[in-house]
*Asks:* 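Could you have a look at this structure, given as structure tokens, before my questions?
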Amino acid sequence: MSGRAIRVLNVAEKPSVAKSVAEILSGRGGGGMRVRDGRSRYNRVFEFEYMIRNQRCFMAMTSVTGHLMELDFEERYKKWHSCDPEALYQAPVRKFVPQDKLDIRRTLEEEARKCEWLVLWLDCDREGENIAYEVIEVCTSAKSNLNIYRAHFSALIEREIHEAAQNLVRPNKLFADAVDARQEIDLRIGASFTRFQTMLLKDAFIIDLGEERNLVLSYGPCQFPTLGFIVERYWEIQAHEPEEFWTVNCSHTSEEGTASFTWLRGHLFDYASAIVIYEMCTEEPTATVINVKNHEKFKYPPHPLNTIELQKRASRYYRMSSEHTMKVAEELYQAGFISYPRTETDNFSPNTDLAGIVRDQVEHPVWGPYAQRLLDPDARLWRNPSNGGHDDKAHPPIHPTKFSTGQSNWTQDHAKLYELVVRHFLACVSQPAVGAETTVEIDIAGEQFQANGRAIIAKNYLDVYRFDSWGGSLLPTYTVGQQFIPTSLTLDSGVTRPPPLLSEADLLSCMDKAGIGTDATMHDHIKKLLDRCYATKDANTRFSPTNLGEALVMGYDDMGYELWKPYLRSMMEADMRAVSMGTKTKSQVLEICLQQMKACFLDARTNKAKLLDAMQLFFQRSNRPQGGDVNQGAVVRPCGACCESDMALKRTPNGSLMVGCMSYPLCRNVVWLPGSISEASVTNNICPTCTPGPVFMIQFKFHRLEIPPNYDVDHLGCIGGCDTILRELTEMCGRGPRNSAGTGRGQGGRETPRSTTSGTHSRLLSCKNCNQPGHSFDDCPSRFVNPRMPQSTNSNNGRYSDQLPCRQCGGPCVQRTANTENNRGRKFYKCQSENCGFFIWEDNILDNATGQGVGRACGRGARTVTASRSGRGRGRARGQRSANSDGVTFVTATGEPVSGRCYICGDPSHFANTCPERVRVDA
DNA sequence: GCAAGGTC
């Protein structure tokens, strides 16, 4: 038997689990435990005695609230301009306890010091195992020689919990490693792409989101595929070409009622064939019954409810957003009315007291009588719930845990969601609905038709699950061989319809199927798309991409990347499984995955013209200077002063340029650049002479009126000391801002506002492209805005006249407006010529330059049509890498091509510094 | 100002 009691610290993933486990282990329904507050107001400490394998234990049970730690870049990489986003693939990261979790850490440290064992009661999944190691790190830092165990439990029921306590195991580092890898990959990809695309696009275009906000164009491995689903469906709809089809229908009315027969061929697209068949039928219209089938059919109740189903059904039945559903469900859970709402499980464990849950509901005025019938064995309504096949081993399916007829503090949505959970549960333990179905097949002139009828024999679960319906009408009686003359026989036409926009339920299904997000985060990803203005949701909970969302996806798609598809996430998920099973190591996965993603990032940056092109389809170019975001932060050279960091090109808040050490303020090494520079961007060219290298050369552009006339405006220079031109200009024009040259301030020091002189000059200069003052050649809007381009492709108003020549027969096509349910208000053209029948939606018309009339949007499905909607060529000078005569390519830190042309001869293929006509004056 | 994952 036991000797001295050992002290055991137990930690659960959330306060509710700590309480439940403590109640079970302390016995007497929790009567044997004491409760005291911890440092955190939510995470209390429960104390009780317990025997683990004959060892007397003094148990202290507390909790965390999910992850205790966060992963982020080290301080010097946190600022957006602190480094090139490319560096985020190598930048050091650290895991730390954030401010709002410090009190939990303190509780854990204090309790750990008093204990000899640590038992981890985290959820039994990979995230839970990772949190376990976060707890271990904190606890062992306070007490290094803890004996550490893991309790494995699959449900918060007595037998499971005692078994877990008696069969403690060691934590599984592999599971935790898998999550570590996932976190690091998500962080590096997310931060690098987000910074890159935000800095590239936000100032380059006029993106009006209707409110003042600091625009962030985020990229994430979950949010983007989610957006991808929305855009893909949208493109599918746009690419849809309606096709007219023909169908023969038949009905027969007798004393018993009317039967509607549908054609077994379905429909034919060929009018001529359809009319031949139809005429055969009308010439010999006698129908002969060739088959009558009667069979019993069941409609089964749904599986037990998990989070995704709850969200989908609340969206379908109540049009509640998934995000709102989770908020309301969380509140019902907190108040004890429903079980834990974040669960994948759709299968009740055999130990669950299902009848007890039903019994709780018998007093309810609306569904109470149904619950009563369920419990009555004579009613034969009970059926054990089906198994949906998912089990997260941590939580049961969502079910009611407390009876209520509605609380005074409930909103309508609380009542509605509670009702859904209760009715769903009652339905799950009910018999399926039973129907008698009849199928009658007839033959008219060799063509077969069919009518279906259904009589409901027993509604069973449908009595309580009012959300499901199972309609059906009775058929008159027919016998095989019976003959009749149809009451009507018609040739009807129809038009194929595109699929509908994705509903919230559809979107959740897509995400679930592709493994995007978890049950606890899927609604967050959807909400993020709305918050970022990548998508909108209409009153029917259907999603459309915004211009911004579509442009981003289009840009990456045009690059040939499937960054917006779910494959990346699936691949990562497979890698995580491999790590957790030990077939790959965390470092292998991190190395390979990050290497691939970095290559992809660099490639995307090289091809960013595609992103700019796509944006340009939807947004007007802005005249805002982009230098502030685009050029800054690029590494120029290693710092020769501290020998630890790099020096990067930066612009101070007042606009002056410098190359400063990234370790500022620890290292204050700085090279100030002349005040006469208007633009500067770091190139990939390395100076052959300066050391320590590599010293990347910088492409400068000077204000014409601020430098002597014998100097070029464009100059590829080096800050390493070898560049005479730069040195001379610095001496002549002063360092840093023009009014405060040579004051010797450190970085970030207080600086005098920039003189208005240069601003005045730039206003006086005229654009070389359009001769208008107020902007430079590079910012000239008329270089980028194609006057024929619609500002928004969502509006085609006024793009076409109301009559155009038909491409098929040359006859007149007249514009009409659809008034069908799916296309109300949508304009289309229809050929007026007899026998032509040509038809096209206005928004599918190619906006081609020749304007030769309407024609079908040709090509290979959605993407071609989308690309063709722009009706524009590619191959503008800007957006392509420009090379000078030496074949040197100029790109900036974010890969921005250096635009412009030779100042001396005007040739865009080279810059003035390599112009053959250049007369050297800097002797 | 960036991700996704826990959770209050």
Side-chain angles (χ1 to χ4, degrees), chain A residues 12-18 38 40-44 63-73 77-83 85 87-88 91 93 95 97-98 100-101 103-104 122-123 125-135 175-176 178-199 202-203 213-226 307 326-327 329-331 333-335 340-343 392 394-395 511 515-528 531-532 563 568-569 572-573 576 594 597 601 629 633:
Chain A
E13 188 158 324
K14 44 190 160 279
S16 63
V17 172
S40 143
R41 56 185 284 222
Y42 300 108
N43 308 82
R44 299 199 292 172
S63 55
V64 287
T65 44
H67 276 287
L68 184 57
M69 296 181 165
E70 274 175 19
L71 185 74
D72 208 345
F73 296 107
Y77 292 91
K78 278 191 185 170
K79 287 235 160 53
W80 278 40
H81 294 302
S82 64
C83 64
L88 298 178
V93 288
K95 243 187 159 182
V97 180
D100 61 334
K101 299 282 173 76
D103 46 5
I104 300 179
L122 285 308
D123 289 357
D125 52 22
R126 289 206 298 255
E127 295 294 333
E129 212 68 20
N130 190 270
I131 300 171
Y133 275 87
E134 294 172 355
V135 172
F175 273 37
V179 172
D180 278 343
R182 198 263 310 146
Q183 286 176 342
E184 193 174 327
I185 293 167
D186 283 346
L187 174 67
R188 292 186 190 279
I189 296 176
S192 58
F193 274 92
T194 299
R195 289 185 192 181
F196 157 67
Q197 65 185 25
T198 304
M199 293 194 279
K202 119 176 153 161
D203 285 330
R213 61 160 84 195
N214 191 8
L215 186 63
V216 174
L217 306 181
S218 63
Y219 175 91
C222 285
Q223 51 177 280
F224 244 60
T226 307
T307 305
M326 290 315 288
K327 185 174 171 283
E330 178 67 32
E331 284 161 6
Y333 162 68
Q334 291 293 336
Y340 190 67
R342 286 184 285 272
T343 175
D392 62 14
H395 306 286
M511 295 169 77
I516 303 296
T518 69
D519 49 321
T521 61
M522 280 157 70
H523 66 273
D524 282 336
H525 301 312
I526 296 176
K527 182 166 182 290
K528 185 152 278 174
D531 290 346
R532 296 273 188 236
L563 286 166
L568 171 67
R569 194 69 186 170
M572 279 169 61
E573 198 49 44
M576 297 312 105
L594 288 175
M597 282 312 297
F601 173 81
D629 263 349

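Naming: A, B, ... by sequence-line order, numbering from 1 per chain.
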*Asks:* Looking at B:dG5, B:dT7, B:dG1, which one has an atom nearest to any side-chain atom of A:Pro15?
*Replies:*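 For the A:Pro15 side chain, the nearest candidate turns out to be B:dT7.
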*Asks:* I'd like to know if A:Arg41 and A:Asp103 make a salt bridge, using a cut-off of under 4.0 Å between side-chain N and carboxylate O.
*Replies:*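 Salt bridge between A:Arg41 and A:Asp103, a charged N being under 4.0 Å from a carboxylate O: no.
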*Asks:* Consider the side chain of A:Thr198, meaning its heavy atoms from C-beta on, and name the nucleotide among B:dG5, B:dG1, B:dC2 that approaches it most closely.
*Replies:*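 Nearest to the side-chain atoms of A:Thr198, counting from C-beta on, is B:dG1.
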*Asks:* Nearest whole Å is fine: how far is B:dA4 C1' from A:Glu573 CD?
*Replies:*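 These atoms are roughly 12 Å apart.
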*Asks:* Can you measure A:Glu70 atom CD to B:dT7 atom P for me and round it to whole angstrom units?
*Replies:*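 Checked: the CD to P distance equals 15 Å.
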*Asks:* Could you check A:Ala191 against A:Arg342 and say which one's nearest nucleotide on DNA chain B is further toward the 5' end?
*Replies:*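 By nearest-heavy-atom nucleotide position, the 5'-most residue is A:Ala191.
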*Asks:* Whether A:Thr518 contacts B:dA4 is assessed here as follows: a side-chain N or O lying under 4.0 Å from the phosphate OP1 or OP2. Is that the case?
*Replies:*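 For B:dA4, OP1/OP2 do not have a side-chain N/O of A:Thr518 under 4.0 Å.
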*Asks:* Could you give the CG-to-P distance, from A:Asp524 to B:dT7, as a whole number of Å?
*Replies:*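 Going from A:Asp524 (CG) to B:dT7 (P), I get 12 Å.
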*Asks:* Quick check for you: to the nearest 0.5 Å, what is the distance between A:Ser82 atom OG and A:Phe73 atom CZ?
*Replies:*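 One finds 9.5 Å between OG of A:Ser82 and CZ of A:Phe73.
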*Asks:* Which is true for A:Asp519 with a 4.0 Å heavy-atom rule: it touches a base, it touches only sugar-phosphate, or it touches nothing?
*Replies:*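 It contacts nothing in the nucleic acid.
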*Asks:* Among B:dG6, B:dG1, B:dT7, which nucleotide has an atom closest to any side-chain atom of A:Glu127?
*Replies:*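 Selected nucleotide: B:dG6.
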*Asks:* Give a yes or no on this: more than 12 heavy atoms of other residues, nucleotides or ligands lie within 6.0 Å of atom NZ of A:Lys78.
*Replies:*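 It does: A:Lys78 NZ has more than 12 such atoms within range.
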*Asks:* Between A:Trp80 (CH2) and B:dG1 (P), how many Å, whole number?
*Replies:*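 Distance check: A:Trp80 CH2 to B:dG1 P gives 9 Å.
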*Asks:* Starting the side chain at C-beta, find the nucleotide from B:dT7, B:dA4, B:dC2 nearest to A:Asp72.
*Replies:*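 My answer, after comparing the listed nucleotides, is B:dC2.
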*Asks:* Under 4.0 Å between any heavy atoms, over every strand shown, what does A:Lys528 touch: base, sugar-phosphate, or nothing? Just pick one.
*Replies:*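 Contact class for A:Lys528: sugar-phosphate only.
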*Asks:* As a test of reading the structure: which of B:dT7, B:dC2, B:dA3 is closest to the side chain of A:Asp123, going by heavy atoms?
*Replies:*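 Minimum distance to the A:Asp123 side chain belongs to B:dT7.
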*Asks:* Separation of A:Arg195 atom CZ from B:dG1 atom P, in whole Å?
*Replies:*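 So the CZ-P distance, A:Arg195 to B:dG1, works out to 11 Å.
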*Asks:* Just call it for A:Leu71: base, sugar-phosphate, or nothing, with non-hydrogen atoms closer than 4.0 Å on any strand.
*Replies:*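 The residue A:Leu71 makes base contact.
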*Asks:* Whole-Å distance between B:dG5 P and A:Ile131 CD1?
*Replies:*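 Distance check: A:Ile131 CD1 to B:dG5 P gives 13 Å.
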*Asks:* Rounded to the nearest Å, what distance is computed from the CG atom of residue A:Asp186 to the P atom of nucleotide B:dC2?
*Replies:*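 Going from CG in A:Asp186 over to P in B:dC2 covers 15 Å.
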*Asks:* Does A:Gln223 or A:Tyr333 map to a spot on DNA chain B nearer the 5' end, using the closest nucleotide for each?
*Replies:*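 Of the two residues, A:Gln223 wins.
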*Asks:* Are more than 12 heavy atoms from other residues, nucleotides or ligands located less than 6.0 Å from atom NZ of A:Lys527?
*Replies:*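 Check fails, neighbour count at 12 or below.
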*Asks:* Touch check for A:Tyr340, heavy atoms < 4.0 angstrom, all strands: base, sugar-phosphate only, or nothing?
*Replies:*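 The residue A:Tyr340 makes sugar-phosphate contact but no base contact.
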*Asks:* Over how many whole Å does the gap from A:His523 atom NE2 to B:dT7 atom P extend?
*Replies:*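 Rounded to whole Å, this separation is 11 Å.
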*Asks:* Apply side-chain hydrogen bond (donor to acceptor under 3.5 Å, both in side chains) to A:Asp186 and list each qualifying residue two or more places apart in sequence or on a separate chain.
*Replies:*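 side-chain hydrogen bond (donor to acceptor under 3.5 Å, both in side chains) check on A:Asp186 returns A:Arg182, A:Arg569.
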*Asks:* Please check the phosphate of B:dG5 (OP1 and OP2 only) for any side-chain N or O of A:Thr521 closer than 4.0 Å.
*Replies:*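 Checking B:dG5 against A:Thr521, a side-chain N or O does come within under 4.0 Å of OP1 or OP2.
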*Asks:* Looking at the side chain of A:His525, which of B:dT7, B:dC2, B:dG5 is the nearest nucleotide?
*Replies:*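 My answer, after comparing the listed nucleotides, is B:dG5.
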*Asks:* Check every atom of B:dC2, B:dA4, B:dG1 against the side chain of A:Phe73 and return the nucleotide holding the closest atom.
*Replies:*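 Among B:dC2, B:dA4, B:dG1, the one nearest the side chain of A:Phe73 is B:dC2.
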*Asks:* Is A:Glu134 paired with A:Lys95 through a side-chain N to carboxylate O contact shorter than 4.0 Å?
*Replies:*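 Between A:Glu134 and A:Lys95 there is a salt bridge, with a charged N closer than 4.0 Å to a carboxylate O.
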*Asks:* Only counting residues at least two apart or in another chain, list the ones meeting side-chain hydrogen bond (donor to acceptor under 3.5 Å, both in side chains) with A:Tyr77.
*Replies:*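 For A:Tyr77, no residue satisfies side-chain hydrogen bond (donor to acceptor under 3.5 Å, both in side chains) once neighbours in sequence are set aside.
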*Asks:* So what does A:Arg569 touch, heavy atoms closer than 4.0 Å: a base, only the sugar-phosphate, or nothing?
*Replies:*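 A:Arg569: backbone/sugar contact only, no base atoms under 4.0 Å.
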*Asks:* If you compare every side-chain N and O of A:Arg188 against the phosphate oxygens of B:dC2 (OP1, OP2), does one of them come in below 4.0 Å?
*Replies:*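 Checking A:Arg188 against B:dC2: no side-chain N or O falls below 4.0 Å of OP1 or OP2.
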*Asks:* Check for me: is A:Tyr219 stacked on B:dA3 by the 5.5 Å centroid and 30° plane-angle rule?
*Replies:*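 According to the criterion (under 5.5 Å, under 30°), no, A:Tyr219 does not stack.
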*Asks:* Is any side-chain N or O of A:His67 closer than 4.0 Å to OP1 or OP2 of B:dA4?
*Replies:*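 Answer no for this pair, as no side-chain N or O of A:His67 is under 4.0 Å from OP1 or OP2.
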*Asks:* How would you label the contact of A:Gly517 with the nucleic acid (heavy atoms, under 4.0 Å): base, sugar-phosphate, or nothing?
*Replies:*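 If one applies the 4.0 Å heavy-atom cut-off, A:Gly517 turns out to touch the sugar-phosphate alone, with no base involved.
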